2 protein chains.
Amino acid sequence: MLRSCAARLHALGALRGLRGGARPPARSPGPARVSRRSLFLEADFHKDSSLPKPSWSKDMRLLFDQFMKKCEDGSWTRLPFYNYKSIQNVHDSIVFIHGRLPTTAKLVDKEQLSQAQIFTETFKDGLGFEYVMFYNDVEKRTVCLFQGGPHLQGMPGFLHGGAVATMIDATVGMSAMKAEGLVMTANLNINFKRPVPLCSVVVINSQLDKTEGRKLFISCDVRSVDETTLYSEATSLFIKLDPKKNS
Amino acid sequence: MLRSCAARLHALGALRGLRGGARPPARSPGPARVSRRSLFLEADFHKDSSLPKPSWSKDMRLLFDQFMKKCEDGSWTRLPFYNYKSIQNVHDSIVFIHGRLPTTAKLVDKEQLSQAQIFTETFKDGLGFEYVMFYNDVEKRTVCLFQGGPHLQGMPGFLHGGAVATMIDATVGMSAMKAEGLVMTANLNINFKRPVPLCSVVVINSQLDKTEGRKLFISCDVRSVDETTLYSEATSLFIKLDPKKNS
C-alpha cells in the first residue's frame, strides 16, 4: 500500500509538496502501473540536512540542543531530512501521481528532471531555509525550528510571506504524514500577525487537532524563540489517501 | 504619507513581503523618525526581470505576447519588476516597519543585509520563479503568468505547495496595492486542488472583490494555460494602513 511507503518517502522529503484537495478519481490509471518498490526513492544518506551547521545562529543551536535533550527519554524524535536522487524512480513517481491527479500540462521530462531540486534545499547553507523538525508521537505534535536566511527576503529586512507559508506547509504536512501516512493537502489558511525579521529563528508548533474519516485537521502557530511574539497562525486540512486504492 | 510611497515601493518589490494582520499600534514610535524620502529605495533600473528571457517556455512567451497585445489599448498594463539595492535606505525602512509592528527578535544588521535578496529573485534564470504581472485598473484585476522552475520542486515532478503559495501571495498582494496603496496581508486561505507540474506555466488571476472600510477582500485562482485545469483557489484579506498615521 502507498501508506506503507509514506514513512520512507517523507524522510526523503518527497511527499512534502504533494498537493491536491480533490479526491483521487475512482478509476485511476496510475496505481496499477507502478509497483510499490518503484516509489522507494534512493536517498543520499550521507547528508542529513537537519543537523547543525556553522550557519546556524546561537538561538537555533540552543533550541536544537533543548529538543535533543527532550529526545533522550524517547518522547520526542528528531526527524532527519535526506535528499533523493534516483531519477528513474522519481520519474515513476511522477507518472503515478499524474495517474491519480491528471493535468492538462505536459509533465516534466527526464532532462528537466535532472535539474530538479527540492525547493527548501535549493539554497546554500545559511542563505535560505535552515530548519529541523522534531516529532512527539503521543501528542501528535511536530515542532519545526526555522531560521530564514537573507535570500528569503520580502519587505526589506523581513521574511517573504511565501517563505513563511512554505515552512508552515512543510510542518503541518509532516504532522499529517506522521499521523496517517500518505496524505494530500486540501487547504492551508494562514493569519499573518506581524513580519518575521530576516535571519531570526522562529518556532513552528503544529498539532493534529482531530480526524474525521479521511480528513485530518492540523493547526499551527509561528512564534519567536521566547514565545512572546506571535507571528502567524494557521489551520490546515489534509485528506488521507484511501488505502484500498493503493494496494 | 506612506500611501504615497506605495506605488514606487511596489515597483521595487519592496512591499511584496509586508505581513501583519494586527492593526498598527496607536502610538507607533516609527513613523515620526523616518522621513518619506528615506522610504524611496533605490532600484537597479537597468534590469526589469519581468521581460522575456531565453529560459521562458513557448507557453510563457505566447501568453506574454497575448497580454502585451491587450496592453496596446491601455486597458491592461504590464507591471515591471525592479530590484532594490540601497542598503542605507533599506535599513531605514526596516526600522520604520519595526516601529509599527515590533517583535522580540533582533533585527537584521547591515552586514547580513548586504547579503539579502528578494525571495522570488534569488534563483538563476529558468530555475526558480519566472513571472510577469499585468494589471487592469477598471476591472481591479491582476494576472500573473508564472513558470515554476526545477528548483521549486516539492513532490517529484511537481511544484512545492510553498512555491505556489508564494506566487499567489505576490499576485493578490499586487492587486491590493494597486487598488489601495500601502497595505498589509492579514489572511491567505488556499484550497489546493491538484499539483502543478514542474516547469509548466500557470495563470494566476486575482480580483479585488470588495472593500469594507480599511479591509480589502481579494480572491484568485490558479489555472493551466488552456484554463481547463484548476490547480488552486485562494481568498485573501488585506488591511489598508491608515493614512492619518503615515503623514
Side-chain angles (χ1 to χ4, degrees), chain A residues 14-22 41 90 93-94 97 101 103-108 112-113 115-120 122 127 150-166 169-170 185-195 197-200 224-226 228-229, chain B residues 14-22 41 90 93-94 97 101 103-108 112-113 115-120 122 127 150-167 169-170 185-195 197-200 224 226 228-229:
Chain A
L15 289 177
R16 303 275 291 281
L18 179 55
R19 292 279 160 274
L41 311 176
V90 167
S93 304
I94 294 167
I97 297 160
L101 293 163
T103 75
T104 51
K106 196 180 158 194
L107 296 180
V108 65
Q112 289 171 311
L113 197 57
Q115 289 189 290
Q117 291 188 27
I118 299 175
F119 183 34
T120 54
T122 303
L127 297 179
H151 283 195
L152 308 184
Q153 184 172 241
M155 187 73 184
F158 298 91
L159 286 187
H160 195 289
V164 176
T166 297
D169 172 53
T185 321
N187 176 264
L188 188 61
N189 189 351
I190 304 173
N191 287 319
F192 296 99
K193 300 291 185 184
R194 56 188 65 229
L198 212 58
C199 302
S200 65
S224 56
V225 170
D226 64 7
T228 59
T229 302
Chain B
L15 289 177
R16 305 274 292 281
L18 180 56
R19 292 280 160 272
L41 311 175
V90 166
S93 303
I94 293 167
I97 296 160
L101 294 163
T103 76
T104 52
K106 195 180 158 194
L107 296 180
V108 66
Q112 290 171 312
L113 196 58
Q115 288 188 290
Q117 290 187 27
I118 299 176
F119 183 34
T120 55
T122 303
L127 297 179
H151 283 196
L152 307 184
Q153 183 173 240
M155 187 73 184
F158 298 90
L159 286 188
H160 194 290
V164 177
T166 297
M167 285 314 300
D169 172 53
T185 322
N187 176 264
L188 189 59
N189 189 350
I190 305 173
N191 287 319
F192 295 99
K193 300 292 184 182
R194 55 189 63 230
L198 212 57
C199 303
S200 67
S224 57
D226 65 6
T228 60
T229 302

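Residue numbering restarts at 1 for every chain, and letters A, B, ... go by the order of the sequence lines. Side chains are part of it too, since the values below use all heavy atoms of this structure and drop only hydrogens, waters and symmetry mates. Because the structure is predicted, anything quoted here is derived from the model rather than measured.
- Put simply, the side chain of Pro195(B) reaches to within 4.5 Å of the side chain of Leu101(A), judged on heavy atoms.
- Between chain B and the residues Cys199(A), Ser224(A), Ala165(A), the most heavy-atom pairs under 4.5 angstrom are made by Cys199(A).
- For Leu113(B), the part lying under 4.5 angstrom from a heavy atom of chain A is the side chain only.
- Put simply, the side chain of Ile94(B) reaches to within 4.5 Å of the side chain of Pro156(A), judged on heavy atoms.
- Residues Met155(B) and Ile97(A) have side chains in contact (heavy-atom distance under 4.5 Å, counting atoms from C-beta outward).
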Side chain to side chain donor-acceptor pair (under 3.5 Å) between Thr229(A) and Thr104(B), worked out:
CA-CA 6 Å; Thr229(A) 302; Thr104(B) 52; 3.0 Å; yes
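- With a 4.5 Å cut-off on non-hydrogen atoms, Thr122(B) touches chain A through its side chain but not through its backbone.
- For chain A, the nearby part of Ser200(B) is the side chain; its heavy atoms alone come within less than 4.5 Å.
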